[in-house]
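Reckoned from all heavy atoms, side chains included, excluding hydrogens, waters and symmetry mates.
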Amino acid sequence: MRTLIFALVLAVAGPAAAQMRIDVLNRAPPIVDYARSGDAGSVRGALASGASPNASDLDGMPAVILAAMAGHADVIAALAQAKAWLDVRDRMGNTALFWAAERGYDAVVEALIAGHADLNAENRSGATPLIAAAREGHVAIVDLLVRAGADISREDYTGRSALNWAQTNSRRNVVEVLRRAGAQR
């Protein structure tokens, strides 16, 4: 379709107009750039002007995941309020909650939990946000996810649970949180 548009514009309007059309086709919606950079005010403004909370960049990466990867909790809250798909996945099957948990962004994890993100969403490796947080040693996030109801018994496709990963990586504080949670359930 893009090739056809390019050919038509080139034939009718000439090279300058064709280049303008290519530039327009190769730009992500502004809300995506605002989300990536953490500009919550501009995200809210774009949403108020009718921008989709589910917009993606040219590689198909959703704004909610870009914001989570960069640790922008206020952007996540704005997108969640606008009913963005919080459980949308990237090409590896990772959700925004997975990225926030893996990277240690407590406030983003809290915003996603408040927005009812799927606590047990598995990526293509079978890893959940809890497994990612435990593997990386993010004690506060493990505690947040456990208190919110994440399934501590889930295993990834290698057969390892969050507790197994925490033990393997010598994350003693995480092991303690997970053992306490297991004893209470």
Side-chain angles (χ1 to χ4, degrees), residues 1-2 5 21 23-136 138-154 156-157 162 181 185:
M1 182 68 175
R2 284 186 180 186
I5 292 171
R21 181 66 181 153
D23 290 344
V24 169
L25 290 173
N26 288 329
R27 284 196 192 124
I31 191 170
V32 173
D33 293 328
Y34 303 148
R36 181 184 289 121
S37 68
D39 187 348
S42 292
V43 167
R44 284 188 205 90
L47 290 167
S49 297
S52 171
N54 301 309
S56 296
D57 70 8
L58 296 176
D59 294 322
M61 192 69 100
V64 69
I65 290 179
L66 292 167
M69 290 174 78
H72 302 306
D74 48 350
V75 171
I76 296 293
L79 292 169
Q81 184 177 13
K83 307 292 185 221
W85 302 324
L86 299 182
D87 296 323
V88 66
R89 296 165 188 266
D90 65 15
R91 290 184 178 141
M92 294 306 297
N94 299 320
T95 62
L97 184 56
F98 180 91
W99 282 111
E102 183 178 71
R103 292 189 174 188
Y105 296 130
D106 305 30
V108 174
V109 169
E110 288 174 345
L112 288 162
I113 289 171
H116 306 289
D118 183 354
L119 302 175
N120 299 306
E122 294 180 359
N123 68 9
R124 288 186 179 182
S125 300
T128 64
L130 181 61
I131 289 172
R135 184 179 60 222
E136 299 302 320
H138 300 303
V139 179
I141 292 175
V142 168
D143 188 53
L144 279 169
L145 291 168
V146 167
R147 284 189 288 118
D151 184 353
I152 63 172
S153 67
R154 289 275 181 101
D156 64 16
Y157 297 152
R185 292 187 183 180

I want to check something: taking the side chain as every heavy atom from C-beta on, are [X] and [Y] in contact at a cut-off of under 4.5 Å?
| X | Y | answer |
| --- | --- | --- |
| Asp118 | Leu97 | no |
| Asn120 | Arg154 | yes |
| Met92 | Asn123 | no |
| Met69 | Met61 | yes |
| Tyr157 | Glu122 | yes |

Shortest non-hydrogen contact from [X] to [Y]?
| X | Y | result |
| --- | --- | --- |
| His72 | Val108 | N-CG2, 3.7 Å |
| Trp85 | Asn54 | N-OD1, 2.7 Å |
| Gly38 | Asp74 | O-OD2, 4.3 Å |
| Ile65 | Val88 | CD1-O, 3.6 Å |
| Thr95 | Leu86 | CB-O, 4.5 Å |
| Ala78 | Leu47 | O-CD1, 3.8 Å |

Could you give the distance from [atom1] ([X]) to [atom2] ([Y]), rounded to the nearest 0.5 Å?
| X | Y | atom1 | atom2 | answer |
| --- | --- | --- | --- | --- |
| Ile141 | Leu144 | CD1 | CG | 7.0 Å |
| Arg135 | Asp156 | CZ | CG | 8.0 Å |
| Ile31 | Asp57 | CD1 | CG | 13.0 Å |
| Arg103 | Glu136 | CZ | CD | 10.5 Å |
| Arg147 | Leu119 | CZ | CG | 12.0 Å |
| Asn94 | Thr128 | CG | OG1 | 11.0 Å |

Apply side-chain contact (heavy atoms from CB on, under 4.5 Å) to the pair Glu110 and Ile113, showing each step before the final yes or no. CA-CA 5 Å; Glu110 288 174 345; Ile113 289 171; 5.8 Å; no
(message) Checking Leu130 against Asp151 for the side-chain contact (heavy atoms from CB on, under 4.5 Å) test, could you report, in this order, the C-alpha distance in whole Å, the side-chain angles of both residues, the deciding distance, and whether it holds?
(response) CA-CA 8 Å; Leu130 181 61; Asp151 184 353; over 6 Å; no
| request: Say whether, by atom type as modelled, one donor and one acceptor occur between the side chain of Arg91 and the main chain of Asp59 under 3.5 angstrom. | output: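 Yes, Arg91 side chain to Asp59 backbone: donor-acceptor pair under 3.5 Å.
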